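None of these values were measured; they are calculated from a predicted model. Numbers restart at 1 for each chain; the letters A, B, ... are given by sequence-line order, proteins then strands.
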Amino acid sequence: MSEVKITLPDGSARNYPAGVTGMAIAQSISEGLARNALSIEVNGEIWDLSRQIGKDAAIRIFTWNDKGGKYAFWHSSAHLFAEALEALYPGVKFGIGPPIENGFYYDVDLGDKTFGDDDLAKVESKMTELARKNSVFIRRDISKADALEFFKKKGDPYKLELLQDLADGSITFYEQGNFTDLCRGPHIPNTGFIKAIKLLNVAGAYWRGDEKNKMLTRVYGITFPKQKELDEYLHMLEEAKKRDHRKLGKELELFAFSEKVGMGLPLWLPKGTVLRERLEQFMRKAQIKAGYDPVVTPHIGSKALYVTSGHYEKYGKDSFQPIHTPDATEEFLLKPMNCPHHCEIYKVRPRSYKDLPIRLAEFGTVYRYEQSGELHGLTRVRGFTQDDAHIFCRPDQVKEEFIKVIDLVLHVFKSLGFDNYTAQVSLRDPADKKKYIGDDELWDLAEKEIQEAADERGLKTVAVIGEAAFYGPKLDFMVKDALGRSWQLGTIQVDYQLPKRFELEYVGADNQKHQPVMIHRAPFGSLERFIAVLIEHCAGNFPIWLSPEQVAVLPISERFNDYASKVIQELKNQDIRGYLDDRDEKIGRKIRDAEVKKVPYMLVVGEKEVADNQVSVRRHGMGDQGSVLLQAFVDQFLADNSMPESA
RNA sequence: GCCGAGGUAGCUCAGGGGUAGAGCAGCUGAUUCGUAAUCAGCAGGUCAGGGGUUCAAAUCCCCUUCUCGGCUCCA
């Protein structure tokens, strides 16, 4: 009998009879591993444990603690969901049901039936019932003809459509209990592993993600091998919700929305405005240092401006409609971006190659008619302010400018403690060059230089082919929110289109006219989105230099209000932001309220402090820090909490 | 825009055909207090808006609007 050589992750190798299964290998290693094993990686592919290994292989056995194990677990859970659904609603048609980062979903067509929250509970308990049967997942190779026959008979148009794209000989079915599905696998050994089940929500999703197709019902769920883990997961979700910027924005009185003002149009409250203006100051300072010139442009522009830029043609119908005036020939648009205005600033006089780069920066408020369903707190709004700037430079300056912008973005992230971001280089699709504007060589050069600039600054980047804007390649920075949703913050984009459309020029050393390259960049992206992500990132406990209220002065009783007023006045004289809580409440109450409001410093003042010109310092979440002279507190505070500066 | 779930006091939420509720916040008074909620009283509502069914609608039905979870989109 022939043998196969199985290499384990630690490099050791063992021989097994040919056709050995992953489960048998696991058993030979240890009883415990066999009990917890869910799937196996064989030469880089993830397999079922029951599948026979016919030749030498490097393997890795996955348990719940591995991504590959969870993947199989949730994939199998999706099948279990489908089995339960079919048992409860015969005739249901299935789309696809993959595992995702947290759990799984299944797209289904329930015909005319609406699927609501009460249905979730029903399906959930059916799933539990079926899981207890310990049904084994059986893998079967099947010919394309037989597969088509099977789904024709069953009447499942979506599976038939999927089958069309699959090659004969590569098709497998998986079967558990009374349910058979077209599936590549892998799956866990049996349904009994699935102990805790939660169907999370129902959503609509277009078949194959195409708006023109029928909308299917997408059910999201998650499962665990232990009830305790499900409980922990649900608890974690609850905790994440507490960081939600929409909730904290309301509680900390940072911003609000009004139906009357209109959806997606944030109102900045006094405290939110302090935060926002501090961020602006921070960026202004860094930009001045980096050689930017601040400019200001109006909130509207004539339609002609956007016809020139090309935005009218591309977005005109799907955006805010033109503003009319008593003069019927006039039309203005709310500005959806600042670039065209900045192009006109570039054009106010002829430019020499010696003038470049020219860096025009503006906190420009723009308006975009986002789809109503897409609006989301501050992360997706219809009116927002970009920390925008446009760099007009020579082609040979692109790389250097990119490096400078990357430095600026990294300065922002570092100053605000974002260490978990990803950088994405978006390149054009070389197979479809017609989609893009600009010379081939310029693209090649810019794409190369963006990547080089990122590498030189030690950025770990993911290059995505085909994600470039039609007008140029870009580098985007993404950060996740409290619930794990990814948002794009900073962006740096090369643009070949606008310089051309606006006929931007400079006179080169050769006395000839040349076209400058334009770089759009916004390290925050937008103040709104940045603040949203910042709120979630720090759970409302802002860096003190940003905090709307830095200090609360809390007199023990009314008798010390006079001294407390003197304290708060002295703080204000030193540009320290704070408030005096002179309510007729006990000190415990005042402290609690300040803690809830996440005020970083609380200064308790009573008899002792008045006598010695002291304050009793308490820090948010850290309790009593003892008493110091007021002046000592001020000095220390100012020394510790200055606005971070760029290098 | 599409699918689903929602909108009750400033906030968090209960009530689900028969007189509109609680806690917190607010106001008034008492209290003058040492590190996370002092006590008492008072006030607060077109139950998102409009239409319908009914003797009777916060409650059932329809439309509109906004919010939430997704999908699509994102200059």
Exercise. Looking for any heavy atom pair under 4.0 Å, which part of the strands does A:G310 touch: base, sugar-phosphate only, or nothing?
Worked result: nothing
Presence of donor-acceptor pair under 3.5 Å, side chain of [X] and base of [N]:
X	N	result
A:E253	B:rG10	no
A:R589	B:rA37	no
A:R380	B:rC74	yes
A:Y206	B:rG1	yes

Picking from [options], which would you name as closest to the side chain of [X]?
X	options	result
A:M215	B:rC33, B:rG70, B:rA75	B:rG70
A:E259	B:rU65, B:rA36, B:rC3	B:rU65
A:Y315	B:rA75, B:rC3, B:rU12	B:rA75
A:R246	B:rC68, B:rA75, B:rU35	B:rC68
A:A203	B:rA75, B:rG70, B:rA36	B:rG70
A:R618	B:rG34, B:rA36, B:rG69	B:rA36
A:H376	B:rG69, B:rC71, B:rG34	B:rG69
A:V202	B:rG34, B:rA37, B:rG4	B:rG4
A:Y471	B:rA36, B:rG69, B:rA75	B:rA75
A:N201	B:rG1, B:rC66, B:rG69	B:rG69

For this session: Check the pair A:K597, A:E251 against salt bridge (Lys or Arg N to Asp or Glu O under 4.0 Å), reporting the backbone distance first and the verdict last.
Result: CA-CA 8 Å; A:K597 282 195 276 191; A:E251 286 170 5; over 6 Å; no
Seminar exercise, completed: Of A:Q371 and A:P336, the one whose closest nucleotide on RNA chain B sits nearer the 5' end is A:Q371
Exercise. Just checking, any donor-acceptor pair under 3.5 angstrom between side chains of A:E331 and A:S302?
Worked result: no
Rounded to whole angstrom, note down the [atom1] distance from [N] over to [M].
N	M	atom1	value
B:rG34	B:rC27	P	24 Å
B:rC71	B:rA57	C1'	36 Å
B:rA9	B:rU32	P	38 Å

Exercise. Is there a stack between A:F115 and B:rG4, judged by ring centres under 5.5 Å and planes under 30°?
Worked result: no
Exercise. Phosphate oxygens OP1/OP2 of B:rC2: is one of them under 4.0 Å from a side-chain N or O of A:K212?
Worked result: no
For this session: May I ask you to verify if any side-chain N or O of A:T217 is less than 4.0 angstrom from the OP1 or OP2 atom of B:rC3?
Result: no
